[in-house]
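To start, the structure under review is shown below, and the notes come after it.
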Amino acid sequence: MAMMRAIGLMSGTSLDGVDIALIETDGQALKVAKGHNNFLEPLGPTGYRGYSDAEKALLRAATKDAESVVRPDDRPGRLPEAEAFVTQAHAEAVERFLAENGLSPSDIDVIGFHGQTVIHRPDHRITIQIGDGPALAARLGIPVVSDLRRADIEAGGQGAPLVPVFHKALAEASGMEGPFGILNIGGVANATLVDSKGGVIAFDTGPGNALIDEWMQERENKNLDDGGRTAARGRPDEPLLAWLLTHPFFFRKPPKSLDRNWFSHKLAGQLSTEDGAATLTAFTARAVARALDHAPEIPTRWIVAGGGARNGELVRLLTYHLRAEITTADAIGWSSAYLEAQAFAFLAVRSLRGLPITFPATTGVREPISGGVLSRP
């Protein structure tokens, strides 16, 4: 099959902004170049459109309003306003990206538009990623694939994680062999585990950066714990950690996915700023370690991506608890910051070509299925 140029758009549960990435793929293999030490060269250009404090507040309010949703098409409270904003922000991100890279809409075959998750309740067959795919396609003049989780949810799957099929394509392009794990730490953390025979399982491990970011926002009016420095100065509350890890989520066998709202940073509210950051950071790391309870083969190597890859204290704790080699995605030629955006570009091409994007071992769906809704300009 011919290679296609695809743009992927991702706005994660950390609510920081829009990630944008361009890749070339046929939906199975990636167009890559190898550099020094056989590392991958960048897959393509990337970009970012940050959210202002007011825009983040709107998205937080919409997420709160989404708690009253009972049907997938419900849009109570500020959700319509937030959906219009998300669509506009993503359109602006693409328009600026095209201009900065000397590209026109005709150069792009498809856009993978994740949207903004405001609620994820797979047990009730509800997952909502706000964002208007048809409006985005009409404004940009480029076909858009959106609503990539719903088909899996409606077929009885968890609707998440969606990135494992891209993780495997990246690993194959890098010539990697199992057993290894790929850990993406966004607002929620998810792991893809590849065994020595090439078998794959994937699932959310628990909170990622969300609780830490919300803690720092509340205590220090900062968007994140830069490098994990605040956590490094504190001491985790061991009784609280032990209690948090008794949550039923951690005892469920994969595939499984996590609603961002199942845990709150306020659980550490009685602690000092440093000790709270240390506790929430340790919670993320130990939740990942609990993933090994479900691993058919213990990974000897982990590749860490997402915002969490920049948190030195979190990476230190992962190294300690996982007892394995820890490498950041950037260190092997992947992109820590833009891996999910690249994944949604990849998924859009697979969707266009009717290839499966979710699988029994990644979301629990009965059989591999495709997904996504195509909107043409």
Side-chain angles (χ1 to χ4, degrees), residues 8-19 51 55-91 93 111-137 144-163 186-190 203-204 207-208 210 214 249 255-264 340-341 343-344 347-348 351 357-358 362-365 369-375:
L9 301 171
M10 181 64 192
S11 179
T13 51
S14 56
L15 305 180
D16 57 343
V18 181
D19 297 328
Y51 293 147
E55 292 166 348
K56 292 176 185 178
L58 170 62
L59 294 177
R60 283 194 291 268
T63 301
K64 182 69 175 175
D65 290 340
E67 293 176 7
S68 64
V69 163
V70 293
R71 292 178 299 273
D73 294 323
D74 288 349
R75 295 294 186 273
R78 300 190 72 181
L79 278 169
E81 179 187 356
E83 186 153 46
F85 159 68
V86 165
T87 307
Q88 177 181 331
H90 282 70
I111 292 174
F113 178 30
H114 176 267
Q116 182 68 54
T117 297
V118 292
I119 192 165
H120 183 70
R121 293 179 180 166
D123 293 344
H124 295 86
R125 297 201 174 183
I126 291 176
T127 187
I128 297 176
Q129 288 74 48
I130 55 172
D132 189 332
L136 187 66
V144 170
V145 174
S146 59
D147 210 2
L148 284 145
R149 300 186 190 274
R150 187 183 296 204
D152 185 82
I153 286 277
E154 292 177 346
Q158 290 284 306
L162 294 184
V163 294
V188 170
N190 59 74
F203 52 98
D204 287 347
E214 289 167 354
F249 175 80
K256 57 182 179 178
S257 61
L258 182 73
D259 188 299
R260 183 183 188 275
N261 299 318
W262 282 0
F263 297 98
S264 169
E340 284 195 295
F344 282 97
L347 292 171
S351 176
I357 63 173
T358 58
T362 61
T363 67
V365 72
I369 62 169
S370 191
V373 176
L374 174 63
S375 303

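With rounding to the nearest 0.5 Å, the separation of CG in L162 from NE2 in H114 is 6.5 Å. Put simply, CZ on R71 and CD1 on I126 are 9.0 Å apart, with the number rounded to the nearest 0.5 Å. A distance of 10.5 Å separates CD1 in I153 from CG in D147, rounded to the nearest 0.5 Å. Here the OG1 atom belonging to T63 is positioned 13.5 Å from the NZ atom belonging to K56, to the nearest 0.5 angstrom. The distance from the NZ atom of K256 to the OG1 atom of T363 is 15.0 Å, given to the nearest 0.5 Å.
Across all non-hydrogen atoms, the minimal contact from D204 to F249 is O-CZ, 3.3 Å. A341 and D19 get closest at one heavy-atom pair: CB-O, 3.8 Å. Nearest heavy-atom pair across P76 and S68 is CG-OG, 3.5 Å. Across every non-hydrogen atom of E83 and R75, the tightest pair is OE1-NE, 3.3 Å. Across every non-hydrogen atom of A348 and G112, the tightest pair is CB-CA, 3.6 Å. Contact detail for S351 and G372: the closest heavy-atom pair is OG-CA, 4.1 Å.
The closest donor-acceptor contact from the side chain of R78 to the backbone of A62 lies at 3.5 Å or more, if one exists at all.
With T127 as the partner, the side chain to side chain donor-acceptor pair (under 3.5 Å) test is satisfied by one option alone out of R121, R149, H120: H120.
Within the 4.5 Å cutoff, no side-chain heavy atoms of L347 are placed close to those of V145. Considering only heavy atoms from C-beta on, L79 comes within 4.5 Å of V69 through its side chain. Residues T362 and P255 have side chains not in contact (no heavy-atom distance under 4.5 Å, counting atoms from C-beta outward). When side chains are defined from C-beta on, P207 counts as touching L258, because their heavy atoms get closer than 4.5 Å. Residues V86 and F113 have side chains in contact (heavy-atom distance under 4.5 Å, counting atoms from C-beta outward). Between Q158 and D123, the closest side-chain pair of non-hydrogen atoms falls below 4.5 Å.
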- Query: Does the pair L148 and Q129 meet the rule for a side chain to side chain contact (heavy atoms under 4.5 Å, CB included), with working shown?
  - Reply: CA-CA 9 Å; L148 284 145; Q129 288 74 48; over 6 Å; no
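Remark: S11 pairs with Y51, H90, Q116 by the side chain to side chain contact (heavy atoms under 4.5 Å, CB included) rule, at least two apart or across chains.
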